[in-house]
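Each chain gets a letter, A, B and so on, in the order the sequences are listed, and its residues count up from 1.
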Amino acid sequence: MLQLGIKDLAKYPFLAETGEYLRDKGFNLDQLGHPDWKPIVEKAYGRIVVATTGQIYGSDLGKLENLDSEILSFIIAIILLKSAGIPTLIRRFSLAEARRAEKYLEQDLRSKDDERKLDFPLKIIQDLFSVKVTIQGNDFVIKVADYLRRAVHFHEREWKLVNRKVENGLVFLTSHETVRLIRKELAAYINSKIQSTNTLSVPETFRERVADLVTLAKKFSDTFTVSTEYPPCIKHAIEVLDRGENLPHSGRFMLATYLLAKGQTIDQIAPLFKNAPDYNERVTRYQIEHIAGTSGQRTKYSCPSCDKLKSENLCFEIPECNGIINPVQFGKKRVTNA
Amino acid sequence: MLEKNMKFVEEVFKEYYFNNFELIHVPPRTSEREFGYQKFSAGMTRHLLIKNDKELHLLLMTQIPSDVYCSNAYYSFPNLSMSEKNWKEADLIFDIDAKDLMLDCRKKHTCFKCNSCQNISVQQVTCSKCGSDKFETLSVTCQNCILESKKEVKKLVEVLTEDLGIKKEEIQIYFSGNEGFHIYVTNTEYQNLDSRERADLADYIMFNGIIPETLGMSKQNNSKLSLPDKEERGWRGRFAKEIFGSKSKRPKIIQEILSCGYSLFQARLEEMKHTIGVRIDPKVTMDVHRIFRLGGSINSKSGLTKVLCRDLESFDPFSDACLLDDEKVEILANCPLSFELKNKKYGPYANETISIPKYAAVYMICKGLANITG
C-alpha cells in the first residue's frame, strides 16, 4: 500500500486510497447532497464539460482547502457520469483525467533528487499496470515486451521499437514518454472506476446536472461523409491483379477484407482475382466466403491496419491518407455537431 | 507430382522415418501444441493433438506424410477449432530463406518449367515448345545461398542477444530442410506477445520503419547534426559502423549527409534495410497460429531433413541434412542446373536417364527436375 498525502490524492483521485481518505474524513454521499455542497457539484460538472471539449482540467493544488474540493469534485463527477450513463462522456472524461494525472506523474518523475517523490509515481505505474519502470542514468527503462504491448497502439512512427534506444531487453524512455505510454491504461482504469461506481442513492441535488449531461451528449452525435475513392494500397493491389502479376496472399487478404467492409458482395469481389497467375474460381470464392465469415468457422475477418500493411510492404501512403489507421477509414470526413 | 514419383518418394520417406525414429521427436509441452501434416496426394490436415513420440511415429508410419508440422503456440485445447483452442502463448520464430535475399547466384541455379507442356528452360521467355508464357520457377540451393543465409542468422542472433536480452541458450537454430534456417526462441518474456506486437518486433529486427530523427537528423536545423557513434549499442551503433568506416572519414561523411538533406538520408536508410537489417520473413514471425515444420522431419520440397544446427559455422546442409541412403535409383533427369549433395556434384542433365544415389534422385524429383523411370 502506498503512503499517500492529501496532495497526492488530489493529483491522483482515482486511487483506491481516496475512498479510505474520504471515510476517515467522515464524508458520505448523503452529506454531499446537501445544498451547501452545491459549489462542489458545479465544480464536478465543470470538470466534465472541460473534458468533453478535449481539454485538460486545470487544478489549483496550491491551497490545502482546494485539495479536498479537488478530490470531491472528481468523486461527484464520476457519480454524475455513471448516472447519466453515456459511454462517450465517460470515455472523454476518463481520457482527460488520465492526461491530467499524466501531467502530475511526469512532474513527479522529473523530481529525481527527491527519492520519495520518485518512488511514488513508479509505484503507481507498477501497482496499477504491472509495469516495472527502473532508472538508468537519466533514463527510465522498461522491458521490451512491456513496451511493445503499449506502444503498438500508437501510430506515430517514433513509437516504433526501431526508433527507440534498446539494450539488453530494455527500452530507454524520458519521463514524458514513460507516462504517455500508460495513458490508455490510465484512462481505462478511470473508466473502470466509473463503471463500478454505485449510483443507487444519488442525491436529488445532482439530478439537474445529470440531465444537463444527457443534453450535452447530444452534441456529440457525429455524421460522416465518405468518398468513394479507393485508398492507394487498394488501388495498388487492384492494379497488380489487373496486370496479371502475382499479388501476395497478404495483399489478396487485404483487398478482400477491404471490399467486404465497404459492402461489396462475394460475386462482385471474386472476378477481381481472375487475372492472378494461379486463379481458380472455386478456390477464390471459397477463400472470400471464409474471410466474409459465411463459411468455415464463421469468423468475419477485418481489414488489416495500416501498421500491419506497412510491415508487409503493402502500404503506399499518400498525403490524403491523413493519419488514418486502417484503409477502411480512407476518405471518411467527420461532420460534427459539437 | 506425378503418381509414380509420389509413390517412390512416399516409399523413401517411410523408410527414412522407420529407420530414424531417434531423429524425430515431439517438442516439449507436446500436449499443448497443435500438429498437422500434408500428404503428397491431399491437402493439409491440422488441429491434431499428439501426446508423445510413439503417437508421432505411428502417424508417420500410417499416413506417410510429405510434410509434418507443429505449432510454436501453446493452447489449452490444441485439437479444437482455431476459435476454441484457447491460445496461451507462443515461442518466437524466425524464418530466413535464401530465396528472399535477392542473391546474384540465384540466376545461376534457377530454371523455369512451362505450366502447359512441362518443358524446362533456364530463361523465362515464351516456351520454345508450346509458346505458353506461364512458368513455374524451380531452383536448387548453392553453398553461397547457405553462406549468405548463415550471415543473416548471425545478424539475427546478435540483435536477439544484445538488443532484446535473449540468452543464447534460449535460441535454437534449425536448417529448414530446403533453402534457409528456422530460428526458435523459447521461454522468454516475449512468449505472450500478440501478432501486432510481434510485427513491430519483426520491424525492429529488419531495421524497418526507422526515421531519420532516431539517428540525429531532423527536417529543420541540422547545423547541430548529432549522428551516432560506432561505440553506441543497438541500431545507432550498427548504423554508425556501416556508414562511417574509419574515424578519419567521419567529418567528410557527415558533411556529405548534410548536403544531401533529409529526404535522401531517408532513402538511404530504406536501402540499409537490405544491408544491416536482418532479412527475416516478417509474416512468419507475426503469425501466432502457425504450424511450423517439425524438426527431424523431411522437407518435401527437397528431401532434406529439418535438422538442429549445433555449430552454425561448420554446418553443411548438403551433408548434415542429407540423410536418405545412397542406394542407386534410375531416373529421367531434365535438370539444366548443377547442385552438390554429400560432397558430390550432380548435373546438369539434359533429359537423360541416369542411375544416381537415392538422396540425389529424391532431391531432383522433389524439385520437379526429374521423374522416376518405369
Find the one option among B/A199, B/G165, B/P282 whose heavy-atom pairs under 4.5 Å with chain A are most numerous.
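Answer, by heavy-atom pair count under 4.5 Å with chain A: B/G165.
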
Around [X], counting heavy atoms of other residues, nucleotides and ligands shown, do more than 12 lie under 6.0 Å from its [atom1]?
X      : atom1 : value
B/K154 : NZ    : yes
A/K103 : NZ    : yes
B/E213 : CD    : yes
A/F172 : CZ    : yes
B/R268 : CZ    : no

At a 4.5 Å cut-off on heavy atoms, which part of [X] comes close to chain A: side chain, backbone, both, or neither?
X      : result
B/S195 : side chain
B/R196 : both
B/A202 : neither

Heavy-atom side-chain contact between [X] and [Y] under 4.5 Å:
X      : Y      : result
B/K283 : A/S250 : yes
B/E162 : A/E167 : no
A/K308 : B/M286 : yes
B/L201 : A/V144 : yes

Could you walk me through whether A/V166 and B/W235 satisfy the side chain to side chain contact (heavy atoms under 4.5 Å, CB included) test, starting with their C-alpha distance in whole Å, then the side-chain angles of each, then the deciding distance to 0.1 Å, before giving a yes or no?
CA-CA 8 Å; A/V166 181; B/W235 281 123; over 6 Å; no

Residues 152-161 of chain A, side-chain donor-acceptor partners within the protein, below 3.5 Å, at least two apart:
| residue | atom | partner | partner atom | Å |
| --- | --- | --- | --- | --- |
| A/H153 | NE2 | A/R149 | O | 3.3 |
| A/K160 | NZ | B/D200 | OD1 | 2.9 |
| A/K160 | NZ | B/D203 | OD2 | 2.7 |

Closest contact, heavy atoms only, A/G169 versus B/E189:
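Shortest heavy-atom separation between A/G169 and B/E189 comes out as O-OE2, 4.3 Å.
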
List the atom of B/E197, the atom of A/L148, and the distance in Å for their closest heavy-atom pair.
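Reported closest heavy-atom pair: CG-O, 3.7 Å.
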
Heavy-atom pairs under 4.5 Å with chain B: which of A/K143, A/R164, A/E312 has the most?
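Among A/K143, A/R164, A/E312, the one with the most close pairs to chain B is A/K143.
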
Selection from A/V171, A/L170, A/N168 maximising heavy-atom pairs under 4.5 Å formed with chain B
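If we count pairs closer than 4.5 Å to chain B, A/N168 comes out on top.
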
Take A/V162 and B/I211, measure what side chain to side chain contact (heavy atoms under 4.5 Å, CB included) needs, and give me the verdict at the end.
CA-CA 9 Å; A/V162 74; B/I211 50 175; over 6 Å; no

Give the intermediate values and the outcome of side chain to side chain contact (heavy atoms under 4.5 Å, CB included) for residues A/K165 and B/R236.
CA-CA 8 Å; A/K165 181 180 170 187; B/R236 283 175 57 90; 5.8 Å; no

How would you list, in number order, the residues of residues 88-96 of chain B that have a heavy atom less than 4.5 Å from chain A?
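If one takes a 4.5 Å heavy-atom cut-off, no residue of residues 88-96 of chain B lies near chain A.
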
